[in-house]
Structure formats: C-alpha cells, structure tokens
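Here is the structure we will look at, set down as structure tokens.
The shown structure was predicted, so the numbers you read here are calculated from the model rather than taken from an experiment. These values consider heavy atoms only, across backbone and side chains, with no hydrogens, waters or symmetry-generated copies.
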Amino acid sequence: MSPQLELRLPDGSIRQVAPGTTVRQVAADIGPGLAKAAVAGEIEGDVIEIDRPIESGGAFRILTARDEDALHVLRHSAAHLLAMAVLDLFPGTDLGFGPATDDGFYYDFRTPRQIVEEDLPKIEQRMKEIVKEKRAYARVEVDRSGAKERLQGLGFELKIPHVDEIPEDVISFYDSGTFTDMCEGPHVPDTGWIEHIKLLSVSGAYWRGDASGVPMQRVRGTAFFGKKELKAHLERIEQARLRDHRKVGREMDLFSLHAEGPGFPFWHPKGAILWNALEGLVREELLARGYGEVRTPTVLSDELWKRSGHWDHFKDDMYFMEIDERSFAVKPMNCPGCCLIYGSKPHSYKELPLRMAEFGGVHRNEMSGVLHGLLRVRAFTQDDAHVYCTEEQLEDEIGDMLDMTRAIYDAVGFHDIKTRLATRPEDAMGDPEAWERAEKALGSALDKNGFEGWTLAPGEGAFYGPKIEVHVTDALGRSWQCGTVQVDFSMPERFGLEYTGRDGAKHTPVMIHRAILGSMERFVGILIEHYAGKFPLWLAPVQAKVLSITEKQADYALEVSRQLQAAGVRAEADIRGDKVGSKIRDATLERVNYMLVVGGREAESGQVDVRTRAGDRLGAMSPDEFVARALAEIRNRA
RNA sequence: GCCGGUGUAGCUCAGUGGUAGAGCAGCAGUUUUGUAAACUGCAGGUCGUCAGUUCAAUCCUGACCACCGGCUCCA
C-alpha cells in the first residue's frame, strides 16, 4: 500500500489521495459539476493542469473559470492556439515567446512574409476552427538535449539557445495535434475551452526585446471564458478610445502638439485652467505642510551635472548647448538646483526638516518612438520637492508625504491608491545598513499612514536610495504610476551639504525627493481620460454657459456671463442665432458643467434656467443664487 | 532609435497619372426659435516636406519630417 498524499482544500477539509491521482480525478470525487468546471489545479501555489498526476500534498484547490489564475492559464493556452493558426497559415514560421499578459496574450513570430492587419481575421478564423477540434494540450517531458533535438526538428531555432537558460532539468513540451511548443504550462485541457477570443493588433517586436537582435512580429489578442466578459472587455477598449486624452484634448481645445516641437506640448487657455487648478491644489497643501517654494534655472553648467552624477547616468537623455564657449545642459531633474540653494548658506539642525518644493520644468530627450500625447513627452513639469532632514526624521517626513499624497489624490478623484516599496538594487551605492534603515522607515511610514496593503519590489530601488512608488487606478480600472518618494544618501554627499548638529559638529543631511502628481503634463492627460473630459466643477475649463433662446436675449446673456465671471465662475455666453436645442447639444459636447438658458421669461424676471451637463433641470433661479451654488461646489471640489 | 502602418479643409473622412470632393465646424443671410442638430448661400486645401520618373504627380519611386500601434509582465 502506497502512502497517501494529504490535500488541504480551501474549505479546510483534508482529502487523502494516492500519489499519481490527477486533478481531474480529485475534482470528480468532490462532485461531477466541479469536474466539468475544472480548468486547472493548484498545489501550494503552483498551478498545474487537470490531467497532471499529483505528486505531493499540501494546500490544494481546483481552479474554475471564476479564478483570476485560471484566466491566465486560458490566455496562455490561447497564445499557443494563436501559434497553431499562424503556423498553419504561414508555414516556416519560427516562434518567439508567447505569454499571457494582464489583459490578454501575445505571441512573437518570425514569419516568411510579414503578417499584416488584414491577416488577423484569417488567423482568428483558423483559431476558431482549431477550437472546434478540441485539440488536447498533451504534456511531454524531455531532457535538455532532447529539448534541443525536438526544437531543431520543428524548425524553432530561436528557442534552442534558450534551453540552456532553463534551470530545471526536465523540460516540457505541449503537443496539440500537429503543433508542438516548448512550454512550461500549465494549459487548459483542450482548445475547446478557448471559444471567446479576439485578435487585436500586429506590431513589431524583437527577440527578447533586444533592438539589435532578431526583428519579429507580435500578434496580440485577448481571451475570456465567457462571451459576456469578452464583449465587456472590447467595450472597455472602445471606451478607452473614446476618452483618449489626445482626442478629448482636441475636442475641448485644451492643448496641441506640433511637428515643430515633438514631445513638447502647447497649452491652450482652457488646458492651462486645468494645470493652474492642479497647481493651486498642490500649493494649498504645500503651505499647510511647511514647504517653501523655490524656482531654479532651466539651463545650468555641465559641471553641475557631472557633480550630481546625472552625467554618468543620464547623459544620453539630456540636451546640451554652448554659451560663451562653455558647455551647458538643460535640466532633466530639479534636484541639483535645489541642492545649490541648500548649499548657499550654513544650516542648523534646528531648521530640519527643510522642505523645498518646486514646480520644475525639465527636459529629457526621450526616444522618438515612445512619445505619446501628454503621457510621454520630452518636456514636463514635476510637482517636485526636496526635503533635507536627519535619518531620525525620515519616517515622519515620509509619513507626511504619504498623507499629502492621499489628500491630493482624494481631491482629484482618485480613491484607489496602490503603493510599492522598491528596495536596494545590485548596483546600489552607500552603506547597506543605512539602506536597511531607510527601507524600514519607508515601510513603517506606509503602515502608519493607511497603506498597509503595499507590496515589495525587491531590487527595484534607485542606485542612490530606496523608494516608494504610488499608483492610482482610474475610472477604467487602469493603473498609473504617478507619485514617488525617494530617499537619497548620495546627492547630499556629492554636493557637500551639511548642517551643524546639536553637538556642534558638521553632519550630512539625508535628502528625500518626492513628487505627487509626477508630471503635470502626464497627470492632466490621465485626468482627462479618467473623467472623459467631464471634469468636476473646480477643474472644468468652462463651468457655465449662458444660452440665449432668441437674439432678443443676447444682451441679457452677455450681462449674466459677465456677472458670473466677476463672481469667479468661468462662464461663456452663446448668443448665436441657433435654436436652444442646438446650443445645448454643442455645450454638452463641450462638456460644460452648467447650461443657463435665458429666454424672454428669464430676461424679464432677471433669472436663469439651470440645466446640468447630465441633462437634469434645476429650474429657474437668480444668477446670484447660481453663483452661490457654483462657488460652494467649487470650494468643496465636489 | 528599431519594426509596421498612416499623412487630402479646423474636425471626421471620400477620391483620381490630366492641378480635388462630402458632412460637421466657420462666415453671411433668412427664421426669432424653450432644453442634444432650423433653412439657404459663401468661403476654405502648395493633397506632410524635398527630390526623382513622366508631356503631365495629390496619385508612381526615394529620402526626410510628424503622427499611430508596438519593441521580454521570460520556454
């Protein structure tokens, strides 16, 4: 009698099974319904397919279509399915990698001829045929040399060198009919599971992301267990397209981009309102939290950038120029300038923490291919700050920064915030013990300020110190990294910054860099997409529009709009000869928050008939009454 | 930077080897209108830039510029 394995199920019950029992058998044993719904199994966190024999005991669960991890399995299998179809249609294709991603899957191919957009429907069609065949994903295990032989035989040459990089000695292949791919798995039982798929794009990629390496083509797609989920996902993509900040920005006349300055956005008056509103919000917090605001020059001597270390790490991204036979650089960061301010006079420990904020415009020569609207630019303004303090003050300071971050994100409407703590990388400089203390201070500050859910990103810190990354989730569920808090042991030293301690001796302060919105440009872009241009009143470029019903009310409409402007409400008047329905349509498309309709009745009684952007009628009221309402709403940032 | 695609009026887009159109927006007039599109007319373009092929190029070729999608969440 063989020893039994012990499986701990999610409900706490224990099941004894013989070694070699498959996941499917366990599921069937629990219930026939579960056996049918089972996609894969999970033992001690390792996902395995349903026909794999169970070799060890431990925490066990059956994954069904409802599990997030199962979706990942499905999509990985979908990537294989894609490769099957491409190999059928493009014989002689070599395979790259084909993983599942957060929202779908892709596979990289080297094909005899280019795959073009028009090929996607054909590939998708072929995939659907293979789905109907219900081809199994049969796992085959071989050793290292067997793997190479197999790949050689299949003509998959790119993957051959990769075999040596696989740590395990047992290498698995998955056979599905005529198709075979070296793959770690796991997979769904057969292709019949992958009914709901959509190919989305074909684009360039490189073998292992190396731009000097083999060029390949990446086909991207997505897959879901259910038709409804796929449909919802495609609708979300369409939603994202509709709220694309480049499109909305043009429609609302917020900003423009020109060939004369690629990556250098031009802000129009209405876009500048958003910018100024955000700056105002941040300034309020700065004042309340004891920051001073500084401004440092855009162009500074080369020598400064050599001293700061940017020359070594950042030179390729910087702009240079010659002035009076001296070499200057356009600043890519604000910190060195701020350090010059700190160093301009002696400091006492009593001044610490010394907090200096700067809305600092920086230029970075990003690669031309990565530019993207406001989200990836070459000139941007950071809501930057540098705090000089003692190591003992780190935790409280970081805590206050996190608190400020939360306050600001709350005000702009981002309530779902995620944080990551990035720790000491390989090439770190400075005392490892100081690193450890700083990492502890960052973690502890996160815990004490309501960010207990933070995740650890080992080795992802900057070379000069650990950092916290702050991510926000937008209305479409997308995550954006905006804020960052970075401890810096290096720069104060490089600049010889000092303070006099209680002991009368000179000490080097620790420096914290932090930004909350990150880049103003990018943040406005994110906000545009978050709100789809339908901003809350305090941010809205045009808060109210007075619409005359006939030309007889033109003067009254203009008078009302001037009255609103004088009271601090951003108002316009539409006195064109069009019918009011047409003006309402236009104002709605412009995403104006309030429409104040004025006809004969209102002109007579000195009132306005208020309609919201959403179409609600608030009824007639005096302009003063409307102003009071609007100002209250603006004040509350509702 | 690299791969692929795109570039025609302010916007969305047709179109052709013989120097260009529509809708919306704009302007003018008519209408004087009550909560998401009144009617008529007018104006608007070096067809991204520069070269080449051709009797002739917005169209074909090349270079450049800009934009769009992407460029390892590892078999």
Side-chain angles (χ1 to χ4, degrees), chain A residues 72 75-76 79-80 95-108 110 114-118 144 147-148 150-151 156 158-168 171-174 181-185 200-220 241 244 246-247 250-251 253 256-263 316 365-373 547-554 576-590 595-602 609-620:
Chain A
H72 204 261
R75 287 168 171 173
H76 188 185
H80 272 229
L95 299 179
F97 294 149
T101 62
D102 279 348
D103 51 8
F105 62 88
Y106 66 81
Y107 215 118
D108 289 343
R110 185 165 61 167
Q114 293 279 353
I115 300 174
V116 294
E117 199 91 11
E118 290 75 50
R144 216 171 283 279
K148 286 184 193 170
R150 256 184 104 112
L151 288 172
F156 298 157
L158 287 170
K159 284 188 181 182
I160 293 174
H162 187 75
V163 171
D164 290 322
E165 291 170 34
I166 297 174
E168 293 82 23
I171 292 170
S172 54
F173 281 71
Y174 281 81
D181 192 8
M182 179 169 81
C183 173
E184 191 175 23
L200 296 169
S201 70
V202 53
S203 58
Y206 293 94
W207 172 237
R208 322 196 82 180
D210 176 5
S212 61
V214 180
M216 306 195 71
Q217 281 186 289
R218 174 165 301 180
V219 178
R220 288 171 170 274
R241 204 180 61 78
D244 188 313
R246 294 167 297 187
K247 173 178 147 72
R250 189 170 49 236
E251 286 167 359
D253 197 16
S256 57
L257 293 157
H258 302 267
E260 289 83 350
D316 292 343
N365 187 14
E366 301 283 350
M367 290 193 296
S368 59
V370 304
L371 301 179
H372 181 92
L547 313 179
S548 57
I549 287 180
T550 75
E551 284 170 5
K552 290 198 189 82
Q553 294 91 42
R576 293 175 301 173
D578 296 298
K579 291 169 79 162
V580 73
S582 165
K583 295 183 185 184
I584 284 176
R585 185 185 142 83
D586 287 346
T588 306
L589 292 175
E590 285 166 36
M595 291 158 228
L596 314 188
V597 175
V598 295
R601 287 199 297 272
E602 288 76 17
D609 190 9
V610 181
R611 179 193 160 105
T612 69
R613 182 170 55 196
D616 296 327
R617 301 277 298 266
L618 303 185

- Would you say A:Val214 and A:Leu158 make side-chain contact, with heavy atoms under 4.5 Å? yes

- Message: Distance check, C1' atoms only: B:rG17 and B:rU54, in whole angstrom units.
- Response: 9 Å

- With a 4.0 Å cut-off on heavy atoms, is A:Gln553 in touch with a base, just the backbone sugar-phosphate, or nothing at all? nothing

- Query: Is there a side-chain contact between A:Asp181 and A:Leu95 (heavy atoms, below 4.5 Å)?
  - Reply: yes

- Taking all heavy atoms of A:Ile115 and all of A:Val219, pick out the closest pair and write down the distance. CD1-CG2, 4.1 Å

- In Watson-Crick or G-U wobble terms, with both distances under 3.5 Å, the base opposite B:rC60 is B:rG52

- Determine the minimum heavy-atom distance between A:Val597 and A:Glu602, stating which atoms define it. O-CG, 3.8 Å

- Message: Just to be sure I understand the rule, does A:Arg613 reach a base, reach only the sugar-phosphate, or reach nothing, if contact means heavy atoms closer than 4.0 Å?
- Response: nothing

- What's the closest nucleotide to the A:Ser203 side chain, out of B:rA37, B:rG69, B:rC74? B:rG69

- Closest listed nucleotide, where the reference is the side chain of A:Lys579 and the choices are B:rA38, B:rU72, B:rA75: B:rA38

- Message: So A:Pro215, base contact, sugar-phosphate only, or nothing? Heavy-atom distance under 4.0 Å.
- Response: nothing

- Hey, which of these two, A:Ile115 or A:Pro167, hits RNA chain B nearer its 5' end, going by closest nucleotide? A:Ile115

- When you compare B:rG15 with B:rU8, how far apart are their C1' atoms, in angstrom units rounded to a whole number? 9 Å

- Task: Would you kindly give the NZ-to-P distance between A:Lys583 and B:rA37, to the nearest whole Å?
- Result: 14 Å

- Taking the side chain of A:Arg585 as its heavy atoms from C-beta onward, which of B:rC73, B:rA36, B:rA75 lies nearest to it? B:rA36

- Query: With a 4.5 Å limit on heavy-atom distance, are the side chains of A:Arg576 and A:Ser548 in contact?
  - Reply: no

- Message: Of the options B:rA75, B:rA37, B:rU33, whose atoms approach the side-chain atoms of A:Ser582 most closely?
- Response: B:rA37

- Item | Candidate nucleotides B:rU32, B:rA36, B:rA75, ranked by approach to the side chain of A:Thr550 - the nearest | B:rU32

- Query: In whole Å, what separates the C1' atom of B:rA38 from that of B:rC59?
  - Reply: 40 Å

- Message: Let's test this: given Watson-Crick or G-U wobble pairing with both distances under 3.5 Å, identify the partner of B:rC13.
- Response: B:rG21

- Item | Under 4.0 angstrom between A:Arg218 side-chain N/O and B:rG4 OP1 or OP2 | no

- Task: Assign A:Val580 to base, sugar-phosphate, or nothing according to its heavy-atom contacts below 4.0 angstrom with the strands shown.
- Result: sugar-phosphate

- Query: How far, in whole Å, is B:rA56 from B:rG70 if one measures between their C1' atoms?
  - Reply: 41 Å

- Classify the nucleic acid contact of A:Val370 as base, sugar-phosphate or nothing, counting any heavy atom under 4.0 Å across all strands shown. base

- Query: B:rC13 and B:rU58: how far apart are their C1' atoms, nearest whole angstrom?
  - Reply: 16 Å

- Query: If you check the A:Ser201 side chain, which of B:rG69, B:rG70, B:rA38 turns out closest?
  - Reply: B:rG69

- Would A:Arg150 count as a cation-pi partner of A:Phe173, with NZ or CZ less than 6.0 Å from the six-membered ring centre and within 45° of the ring normal? yes

- Query: If you measure from the C1' atom in B:rC27 to the same atom in B:rG10, how many Å do you get, rounded?
  - Reply: 14 Å

- Under 3.5 Å donor-acceptor pair, A:Gln114 side-chain atoms to B:rG5 base atoms: no

- Task: Please work out if A:Arg601 contacts a base, only the sugar-phosphate, or nothing of the nucleic acid, heavy-atom cut-off 4.0 Å.
- Result: base

- Message: Would you measure the distance from the C1' atom in B:rC73 across to the matching atom in B:rG52 and give it in whole Å?
- Response: 47 Å

- Message: Once you apply a heavy-atom cut-off of 4.0 Å, does A:Arg617 come out as touching a base, just sugar-phosphate, or nothing?
- Response: base

- Query: So what does A:Arg576 touch, heavy atoms closer than 4.0 Å: a base, only the sugar-phosphate, or nothing?
  - Reply: sugar-phosphate

- Task: Can you figure out which of B:rU32, B:rA75, B:rA36 approaches the side chain of A:Lys552 most closely?
- Result: B:rU32

- Regarding the side chain of A:Glu184, the nearest nucleotide among B:rG34, B:rA75, B:rA36 is B:rA75

- Message: Rounding to an integer number of angstrom, what distance separates B:rA36 and B:rU61 when you compare their C1' atoms?
- Response: 50 Å

- Closest to the A:Ser368 side chain: B:rU72, B:rG1, B:rG34? B:rG1

- Which nucleotide, in any strand shown, forms a Watson-Crick or G-U wobble pair with B:rC71, with both distances under 3.5 Å? B:rG1

- Message: Regarding A:His372, tell me which of base, sugar-phosphate or nothing describes its non-hydrogen contacts under 4.0 Å with the strands shown.
- Response: sugar-phosphate

- Item | Between C1' of B:rC73 and OH of A:Tyr106, the distance in whole Å | 7 Å

- Identify whether any heavy atom of A:Gly577 sits under 4.0 Å from a base atom; if not, whether one sits that close to sugar-phosphate; answer base, sugar-phosphate or nothing. base

- Task: For A:Gly599, report the nucleic acid contact type (base, sugar-phosphate, nothing); a contact means any heavy atom under 4.0 Å.
- Result: base

- Message: For B:rG26, give the paired nucleotide (Watson-Crick: N1-N3 plus N6-O4 or O6-N4; G-U: N1-O2 and O6-N3; both under 3.5 Å), or none.
- Response: B:rC42

- Message: If the condition is ring-ring contact (aromatic ring centres under 6.0 Å, His included), which residues does A:Phe97 pass it with, not counting sequence neighbours?
- Response: A:His162, A:Trp207

- Message: Categorize A:Gly96 for me: base, sugar-phosphate, or nothing, with a 4.0 angstrom heavy-atom threshold over every strand shown.
- Response: nothing

- Nearest nucleotide by nearest heavy atom, which residue falls closer to the 5' end of RNA chain B, A:Glu366 or A:Gly373? A:Glu366

- Item | No-hydrogen, no-angle side-chain donor-acceptor test under 3.5 Å, A:Gln217 and A:Gln114 | yes

